[in-house]
Amino acid sequence: MSDQLKDKHQRRERRTVKVPSDGSHGVRVKEATIRKNTDSVSIVSSMDELGHHDENTRMVVTMENTYQTAPHKRFPVPAVTHILKDVLSSYLQQEKYEVEWSQKMTKTICEVIRARVKDLMIPRYKIVVLVHIGQQAGQSMQMSSRCLWDATTDSFACYSFTNSSLFGVATVYGVYFE
Amino acid sequence: MDEYQTEEETAFIVEDVSKIIKESVEAAIGGSTYQHSRVNQWTTSVVEQCLSQLSKLGKPFKYIVTCIIMQKNGAGLQTASACFWDNSTDGKMNHYIIENTVLNYHTLGKLQARIHR
């Protein structure tokens with residue numbers, strides 16, 4: 001038995017920029033030494049020197065308050081279930097379980113599902129996709145999942161597919177993020 | 001007004017979380033052998049314990065905990081996950097335990113919940 005997990009993709013749509021007038025001291029000092037002549041509020045580069053976060057040199061932008069307290073469009077469970085059913089059936093229909101093939105297949109299916117759910121364009125939702133493919137060998141198993149989230153905005157969809165030699169389960173969680 | 005959350009509040013302490021998972025699994029299952037009639041109860045209690053311990057940490061996170069308990073039969077299992085989130089604030093960890101007849105595999109995902117002050 002082996003398992004591989006993959007963690008992908010940053011959200012590039014969300015950026016925050018530290019504006020010097022907001023009073024983050026580290027940034028201020030940096031601005032003063034580097035750009036002595038500019039009076040205007042400007043964008044600071046490289047968050048790295050503040051010792052914050054990542055190895056990325058992403059710029060950090062503060063977004064304006066939109067005063068939106070709830071999602072305009074919720075996570076569409078039936079649509080996502082339909083996507084899962086579609087993808088799993090088409091990829092796994094006539095296949096037999098083989099170790100290497102199924103390793104590649106789980107990753108592929110995961111990525112395909114994520115791409116299709118992203119295409120649904122549900123704003124402000126973070127997506128987590130889990131795919132399990134296993135061999136049918138008369139064993140017994142139980143999968144369960146529980147979440148600590150906001151039940152009014154967050155949801156999940158799942159679908160399982162079986163044939164004579166394998167089974168596949170896909171789960172998608174959609175979590176609202178303000 | 002600053003909406004910054006301090007490093008301590010948003011840090012994901014791997015050792016703490018992994019300890020929580022291990023303890024929940026041991027408490028719920030211990031060294032028992034696989035019993036189909038009890039497995040439902042096991043998965044539920046493992047996941048519930050995990051989640052309650054995590055919520056006690058008091059961090060501003062939403063959690064997703066998944067548990068798979070499988071009988072050791074020589075069958076293969078592949079798992080993959082793909083996520084669309086913000087890498088700097090969100091993360092996941094996995095943990096698996098194999099005993100005599102039972103394979104127990106956990107995935108825990110945490111996503112930042114913004115707290116407005």
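Proteins come first, then strands; the chains are lettered A, B, ... in the order of their sequence lines, and each starts at number 1.
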Participant: Tell me if the CZ atom of A/Phe156 is crowded by more than 12 foreign heavy atoms within 6.0 Å.
Facilitator: no
Participant: Would you indicate whether the side-chain heavy atoms of A/Ser140 and B/Tyr34 approach each other to under 4.5 Å?
Facilitator: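 In short, these two side chains touch, coming nearer than 4.5 Å.
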Participant: Side chains of B/Asn40 and A/Gln142, heavy atoms from C-beta outward: is any pair under 4.5 Å?
Facilitator: yes
Participant: Do the side chains of A/Val128 and B/Lys92 get nearer than 4.5 Å, heavy atoms only?
Facilitator: no
Participant: When you compare the side chain of A/Lys126 with that of B/Thr89, does any pair of heavy atoms fall below 4.5 Å?
Facilitator: yes
Participant: Side chain from CB out, backbone as N, CA, C, O: work out which of these in A/Asp150 comes under 4.5 Å of a heavy atom of chain B, or both, or neither.
Facilitator: both
Participant: In the structure I gave you, are the side-chain heavy atoms of A/Met141 and B/Val39 within less than 4.5 Å of one another anywhere?
Facilitator: no
Participant: Considering only heavy atoms from C-beta outward, does the side chain of B/Ile64 approach that of A/Val175 to under 4.5 Å?
Facilitator: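 Heavy-atom side-chain distance check passes, below 4.5 Å.
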Participant: Who wins among A/Gly168, A/Gly134, A/Cys147 for the most heavy-atom pairs under 4.5 Å with chain B?
Facilitator: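 Ranked by contacts with chain B, first place is A/Cys147.
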Participant: With the side chain counted from C-beta on, respond yes when B/Gln78 and A/His132 share a heavy-atom pair under 4.5 Å apart, and no when they do not.
Facilitator: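 Sidechains of A/His132 and B/Gln78: no contact.
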Participant: Shortest non-hydrogen contact from B/Gln71 to A/Gly138?
Facilitator: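 Answer, listing the atom of B/Gln71 first, then A/Gly138: OE1-O, 4.4 Å.
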Participant: Check this for me: A/Lys73, atom NZ, are more than 12 non-hydrogen atoms of other residues, nucleotides or ligands nearer than 6.0 Å?
Facilitator: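 Check passes, neighbour count above 12.
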Participant: Give, as side chain, backbone, both or neither, the part of A/Phe167 having an atom under 4.5 angstrom from any heavy atom of chain B.
Facilitator: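 Contact with chain B: side chain only.
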Participant: A quick test of your reading: do over 12 heavy atoms of other residues, nucleotides or ligands sit less than 6.0 Å from CD of A/Glu100?
Facilitator: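 Incorrect, the count does not exceed 12.
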Participant: Would you indicate whether the side-chain heavy atoms of A/Met143 and B/Thr66 approach each other to under 4.5 Å?
Facilitator: no
